[in-house]
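Report on the structure given below.
Values in this document were obtained by computation on a predicted structure and should not be read as measured data. For ligands, and for the atoms within them, numbers begin at 1 and follow the listed sequence.
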Amino acid sequence: MAYKRQIDRLPIIPADAREHNVVCHYCIVGCGYKAYTWDIDRQGTTDPAGNKFGVDLAEQQGAETEAWYAPSMYNIVRQDGKDVHIVIKPDKECIVNSGLGSIRGARMAEMSYSPVRNTEQQRLTDPMVWRYGQMQPTGWEDALDLVARVTAAVIAEQGEDGLFVSAYDHGGAGGGYENTWGTGKLYFGAMKVKNIRIHNRPAYNSEVHATRDMGVGELNNCYEDAELADTIVMVGANSLETQTNYFLNHWIPNLRGTSIDKKQAQMPNEPHEPVRVIVVDPRRTVTINACEVEAGKDRVMHLAINSGTDLALFNAWLTYIAEKGWVDKAFIDAATKDFDKAVAGNRTSLEEAARITGLTVDQIRQSAEWIAQPKSGNARRRTMFAYEKGLIWGNDNYRTNGALVNVALATGNIGRPGGGCVRLGGHQEGYARPSDAHVGRPAAYVDQLLINGKGGVHHIWGCDHYKTTLNALQFKQVYKKRTDLVKDAMSAVPWGDRPRMVAAIMDAVRKGGLFSVDVDIIPTQIGQASHIWLPAATSGEMNLTSMNGERRMRLTERYMDPPGRAMPDCLIAARIANNLERVFRESGKADVADRFKGFDWTTEEDAFMDGYHQHEKGGEFVTYARLRAMGTNGFQEPAVGLEGGPVGTGSSTGGTTTGQQPGMVVQGPAIEGARGKEPVQQATAGSAAAPTPTGGSERIIGTKRLYADGKFNTKDGKAVFMETQWRGLQAAGKQAEKDKFAFLINNGRTNHVWQSAYLDQENDLVMDRWPFPFIEMNPQDMTELNLKPGDLVEVYNDNGSTQAMAYPTERARPKQTFMLFAYPMGVQGNVVSAGVNEFIIPNYKQTWGNIRKIADAPEAVRGLSFKSKEYSAS
Ligand SMILES: Nc1nc2c(c(=O)[nH]1)N[C@H]1C(S)=C(S)[C@@H](COP(=O)(O)OP(=O)(O)OC[C@H]3O[C@@H](n4cnc5c(=O)[nH]c(N)nc54)[C@H](O)[C@@H]3O)O[C@H]1N2
Ligand SMILES: Nc1nc2c(c(=O)[nH]1)N[C@H]1C(S)=C(S)[C@@H](COP(=O)(O)OP(=O)(O)OC[C@H]3O[C@@H](n4cnc5c(=O)[nH]c(N)nc54)[C@H](O)[C@@H]3O)O[C@H]1N2
Ligand code: SF4
Ligand SMILES: [Mo]
């Protein structure tokens with residue numbers, strides 16, 4: 001039962017175990033969980049009064065019982081300085097997942113830091129600094145002083161443009177409203193940093209500029225719409241593996257026809273048929289296969305387009321639907337503009353689209369019918385459009401995104417039940433920052449600037465470009481050289497002489513060196529080049545708020561202590577600000593120093609109240625106490641008011657729930673002292689002492705769907721159609737790469753692995769399954785290259801090279817491969833070119849290369865299964 005978990009029986013959760021609201025910190029779906037904790041020397045009993053489930057555990061439980069948890073949901077962690085048992089299990093009451101876990105989320109407990117059970121021992125516990133030729137532990141005061149002095153010195157010489165920043169902008173772990181506000185207030189409030197990029201792309205921009213420019217925010221529907229739709233159009237996403245419980249809990253009922261009652265109840269005046277699904281993806285995914293199994297093959301259409309040709313298909317849909325008159329004329333007239341212009345500008349015949357996409361004319365015509373042909377009784381079809389990275393990181397991002405929104409608007413499917421034109425999403429969202437207007441558009445291509453020797457200091461927050469950026473091999477080569485210059489300079493100075501240390505670093509910077517500061521929870525690959533590591537606390541080790549793919553905002557309550565001296569990112573940002581203020585003041589720059597005021601937060605709640613509560617739309621209604629009371633269901637943003645009970649004052653949640661003294665300002669040098677108080681702070685900030693929901697009995701009223709009133713995000717409230725002509729493979733060099741190299745190196749995700757495997761790399765379940773990144777290949781191609789399953793191959797092109805493990809699959813078309821992205825043992829980004837679109841959006845998915853055998857399957861591959869991954873009916 002317990003795969004390599006070295007445990008043969010699990011303790012019973014006692015009836016009085018402490019209960020914490022948790023939202024899974026991994027993907028966009030934001031499944032609700034509960035964390036139960038109790039003292040290490042106790043456990044519950046089998047009688048109903050003695051366990052948390054309230055059932056007789058001496059009896060055999062039913063198959064769907066809730067009175068159960070898996071070994072992966074268990075651990076022993078520290079809470080308020082003491083070891084406690086913890087169980088983190090899916091919450092049946094959460095309407096997002098209704099008790100479902102996933103192979104990622106249901107491992108949250110075992111992916112926690114536990115010195116007792118040896119899990120995630122890689123976690124950083126102390127700040128680390130480059131000293132005596134290696135990374136050495138130090139205190140916050142020492143580390144932050146060096147960060148501040150070097151940062152201030154670079155700014156003094158190069159201005160704020162010499163400070164480069166890479167920072168997440170999302171929710172969940174390594175993000176959330178508290179932390180995006182902390183970093184945002186530092187770089188966009190106290191400073192106006194321009195050379196900043198986001199965790200997953202080389203500039204500070206939107207992944208979906210087009211839909212926003214059209215007035216249509218990208219998370220505009222609700223998860224229930226997938227249960228209500230007549231047709232679901234999915235573009236470039238693999239939701240069974242990447243938005244797992246959204247697919248399982250909200251698509252499957254519609255695929256199986258079991259949401260028909262819901263449809264009839266909510267939309268009684270129209271006929272309802274079983275759902276139809278269209279998936280646009282060059283490869284056959286397990287999601288497509290699951291749709292076929294659940295809905296029947298005749299209700300699922302896989303449009304296996306040529307890589308990067310989505311735009312031509314969408315333009316053909318618009319053209320055909322307009323010709324047939326299957327548009328929502330009343331909606332177009334009342335709520336949009338430029339429809340005729342877009343139809344004329346984007347005109348694409350079925351034949352032309354067939355030639356570009358490789359589909360047949362019939363496939364394109366039939367898919368257009370499924371999207372827009374009226375149902376019986378002439379009722380308009382309810383069609384939901386959903387897309388993710390196959391579109392976003394695909395060819396010609398801006399136009400392709402716009403072209404899909406065109407079809408959704410033309411058919412009147414935004415703002416209505418069963419509709420929407422939405423991102424499926426990556427992480428949860430959690431963006432609260434001062435304006436980024438100074439960054440400009442197009443924003444700076446930060447990676448190229450770094451490669452070209454620009455900048456003197458680089459602050460990195462929760463991302464690892466060594467594994468995840470484009471043109472990664474070149475990036476790494478240059479980054480190493482530049483940071484090595486600084487390392488060598490540092491090693492030449494006697495330690496303890498800070499002025500000389502800073503002078504030596506600055507000397508190296510003047511020669512092209514770069515000083516690198518990495519804020520993370522583990523030692524990363526880019527961190528190997530860094531001079532300072534600052535240890536962050538992550539979700540559950542701090543209180544953290546985010547919203548999911550239907551804008552559902554919840555609070556994850558702190559259920560355990562961070563490792564060692566790790567701190568929440570928002571407080572690290574605040575302490576950097578405090579230290580910069582001190583250093584600027586010391587150097588006689590009082591005016592600059594003054595800009596770093598306002599960072600006197602002592603808890604993450606302070607950052608939340610300063611940021612989200614004050615600055616976000618509807619934020620005035622949102623407090624920790626109210627979120628706590630609303631559990632794992634929370635509310636859907638934006639908040640529009642409160643119901644049930646008097647409107648509370650901010651102060652009922654500001655200071656008192658955290659036990660902080662309002663005047664307790666922590667300045668840089670005092671920080672070690674402040675950390676010394678931590679156990680006290682934790683006892684009160686932890687939810688062990690969470691307030692009863694009295695202060696939060698008013699419920700926050702949210703917004704189920706955006707644009708239900710037909711008013712969009714533009715000055716006049718009208719959504720704007722976009723002209724989106726096809727222009728081939730748009731990013732520089734892509735067509736030539738395609739012409740030159742034999743294989744498409746499509747790439748992306750797989751179910752087990754979360755992102756660059758930053759936590760998974762310490763987990764046997766994942767490492768035994770994927771000791772190396774797989775590259776899915778057609779069996780015939782493998783034969784031609786003399787490859788057996790599990791053999792190691794080199795993937796190469798003019799951008800660089802990388803390594804993977806050959807994985808045969810019948811579903812892969814000849815000469816079309818799919819490689820796991822961002823893996824520590826073989827980085828797909830090494831072969832992705834630097835080509836981007838006009839707004840600096842990368843084009844990771846369109847990559848071509850050659851493949852050669854390196855070696856027979858290594859030892860770690862022995863015992864690996866190469867069975868088909870097809871989802872079967874049983
Ligand atoms: N070839 C190719 N490249 C891609 C993509 C692709 O499809 N193909 N996809 C892109 C996309 S969509 C993404 S999202 C990116 C991912 O790119 P990254 O964001 O660079 O990758 P992650 O592995 O998610 O990195 C997260 C880092 O944050 C750290 N972390 C986790 N929790 C915390 C925390 O609470 N605080 C702090 N400070 N750090 C924390 C982790 O240890 C880890 O090092 O990759 C992009 N790159
Ligand atoms: N298991 C797991 N789940 C995750 C993550 C994870 O690391 N692991 N990461 C999360 C994050 S940050 C993100 S951004 C999301 C990403 O979620 P998804 O976008 O669903 O995942 P990907 O695997 O990156 O890419 C999706 C599909 O794009 C297809 N594609 C490639 N080229 C094209 C093209 O030209 N046109 C079209 N239409 N499709 C194309 C690929 O074949 C692939 O099946 O996943 C989130 N969920
Ligand atoms: S589907 Fe996403 S949010 Fe839900 S448990 Fe899995 S990883 Fe977590
Ligand atoms: Mo992502």
Modelled atom types, side-chain donor and acceptor of Thr469 and Asp447, under 3.5 Å: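 Yes.
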Closest approach of any protein heavy atom to atom 42 (O) of ligand 1, naming residue and atom: Asp520 OD1, 2.5 Å
Heavy-atom nearest neighbour in the protein, as seen from atom 3 (N) of ligand 1, with distance rounded to 0.1 Å: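 Going by distance alone, atom 3 (N) of ligand 1 is nearest to Tyr844 CD2, 3.2 Å.
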Ring centroid separation for [X] and [Y], is it under 6.0 angstrom?
| X | Y | result |
| --- | --- | --- |
| Phe385 | Trp317 | no |
| His427 | Trp754 | yes |
| Tyr177 | Trp181 | no |

Contact check, side chains of Gln828 and Ile745, non-hydrogen atoms, under 4.5 Å: yes
Student check: side-chain heavy atoms of Asn830 and Tyr466 closer than 4.5 Å: no
Counting heavy atoms only, which of [options] is nearest [atom]?
| atom | options | result |
| --- | --- | --- |
| atom 37 (C) of ligand 2 | Asp760, Asp310, Thr357 | Asp310 |
| atom 33 (C) of ligand 2 | Gly236, Gly425, Pro282 | Pro282 |
| atom 35 (O) of ligand 1 | Thr802, Thr242, Thr538 | Thr538 |
| atom 15 (C) of ligand 1 | Asn200, Leu470, Thr183 | Asn200 |
| atom 36 (N) of ligand 1 | Thr469, Asn843, Asp569, Thr847 | Asp569 |
| atom 12 (S) of ligand 1 | Arg749, Gln755, Glu388 | Arg749 |
| atom 44 (O) of ligand 2 | Leu820, Asn238, Asp281 | Asp281 |

Between [X] and ligand 1, does any nitrogen or oxygen pair lie at a separation below 3.5 Å?
| X | value |
| --- | --- |
| Val519 | yes |
| Gly174 | yes |
| Gln828 | yes |
| Asn747 | yes |
| Gly462 | yes |
| Thr468 | yes |
| Lys845 | yes |

How does [X] reach ligand 2, if at all, at less than 4.0 Å between non-hydrogen atoms: by side chain, backbone, both, or neither?
| X | answer |
| --- | --- |
| Val753 | backbone |
| Trp754 | both |
| Leu424 | neither |

Whether the side chain of [X] engages the backbone of [Y] through a donor-acceptor N/O pair (distance < 3.5 Å, no angle test) should be reported.
| X | Y | result |
| --- | --- | --- |
| Asn548 | Val29 | yes |
| Ser530 | Trp533 | no |
| Asn843 | Trp393 | yes |
| Asp760 | Val766 | no |

Does ligand 1 have any atom that is closer than 4.0 Å to a heavy atom of [X]?
| X | value |
| --- | --- |
| Trp393 | yes |
| Ala537 | yes |
| His427 | yes |

All salt bridge (charged side-chain N to carboxylate O under 4.0 Å, His left out) counterparts of Asp281, not counting sequence neighbours: none
Pairing residues for Arg104 by the salt bridge (charged side-chain N to carboxylate O under 4.0 Å, His left out) criterion, not counting sequence neighbours: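 Salt bridge (charged side-chain N to carboxylate O under 4.0 Å, His left out) list for Arg104, sorted by chain: empty.
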Under 4.0 Å, counting heavy atoms only: does [X] come that close to any atom of ligand 2?
| X | answer |
| --- | --- |
| Gln846 | yes |
| Thr750 | yes |
| His752 | no |
| Leu391 | no |

Identified side-chain contact (heavy atoms from CB on, under 4.5 Å) counterpart of Met547 within the set Arg554, Glu429, Arg552: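 Filter result, single survivor: Glu429.
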Residue part near ligand 1, for Thr524, under 4.0 Å between non-hydrogen atoms: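 The answer is the side chain of Thr524.
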Close N or O approach (Ser239, ligand 2; < 3.5 Å): no
Carboxylate-amine/guanidinium contact Arg201 Glu207, below 4.0 Å: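 Looking at Arg201 and Glu207, the cut-off is met.
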